[in-house]
Amino acid sequence: TVKKGDSVTFTNNDTVAHTVAAKDGSFVSTTLKKGDNFNQQFNSTGIFSYSCSIHPSMTGTIVVE
């Protein structure tokens with residue numbers, strides 16, 4: 001859970017590539033290799049579900065208040 005206007009940094013600490021893709025299409029990263037980061041600022045409130053487009057079973061949710 002973050003506040004409106006906050007940024008979230010996603011870091012790939014895995015040995016395989018991943019992405020971060022919002023299910024509503026509001027954001028998507030490039031392919032992240034080990035050690036790569038993706039930063040996303042959230043300027044509106046809501047619940048943002050995301051997954052890895054390479055590994056769709058890897059999911060998460062950001063709540064913006």
Side-chain angles (χ1 to χ4, degrees):
T1 300
V2 299
K3 295 192 182 304
K4 181 179 171 181
D6 284 352
S7 293
V8 174
T9 301
F10 300 85
T11 303
N12 183 4
N13 291 319
D14 201 354
T15 57
V16 297
H18 295 286
T19 66
V20 182
K23 292 194 178 191
D24 69 0
S26 61
F27 60 89
V28 62
S29 72
T30 59
T31 299
L32 305 173
K33 297 177 185 169
K34 183 176 182 177
D36 287 348
N37 297 310
F38 170 67
N39 189 60
Q40 177 63 41
Q41 186 172 17
F42 292 90
N43 294 316
S44 59
T45 59
I47 299 172
F48 299 87
S49 296
Y50 63 91
S51 65
C52 172
S53 58
I54 301 168
H55 309 98
S57 64
M58 300 179 76
T59 63
T61 304
I62 303 290
V63 177
V64 183
E65 299 177 333

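- By the side-chain hydrogen bond (donor to acceptor under 3.5 Å, both in side chains) test, S53 is found to be paired with T19, residues two or more places apart in sequence or in another chain being considered.
- Cluster annotation: V28 is not connected to I62 through the hydrophobic network of ILVMFWY side chains, with a link wherever side-chain heavy atoms come within less than 4.5 Å.
- For residues 31-40, the pairs satisfying side chain to side chain donor-acceptor pair (under 3.5 Å) are T9-N39, T11-N37, with sequence neighbours left out.
- Heavy atoms only, all atoms of each residue included: N43 and K4 are closest at O-CE, 3.0 Å.
- Evaluation of the side-chain contact (heavy atoms from CB on, under 4.5 Å) rule for T59 yields K23, S51 as partners, not counting sequence neighbours.
- In terms of heavy-atom proximity, G5 sits nearest to Q41 at O-NE2, 3.0 Å.
- Partners of S44 under the side-chain contact (heavy atoms from CB on, under 4.5 Å) rule, at least two apart in sequence or in another chain, are F48.
- Clustering of Ile, Leu, Val, Met, Phe, Trp and Tyr side chains at separations under 4.5 Å leaves I54 isolated, with no partner residue.
- Annotation for A17 and N12: closest pair CA-ND2, 3.9 Å, computed over non-hydrogen atoms.
- Partners of D24 by side-chain hydrogen bond (donor to acceptor under 3.5 Å, both in side chains), not counting sequence neighbours, listed by chain and number: S26.
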Please walk me through it: do V20 and F27 pass side chain to side chain contact (heavy atoms under 4.5 Å, CB included)? CA-CA 8 Å; V20 182; F27 60 89; 3.7 Å; yes

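- With a 4.5 Å cut-off between side-chain heavy atoms of Ile, Leu, Val, Met, Phe, Trp and Tyr, the cluster of V16 takes in none.
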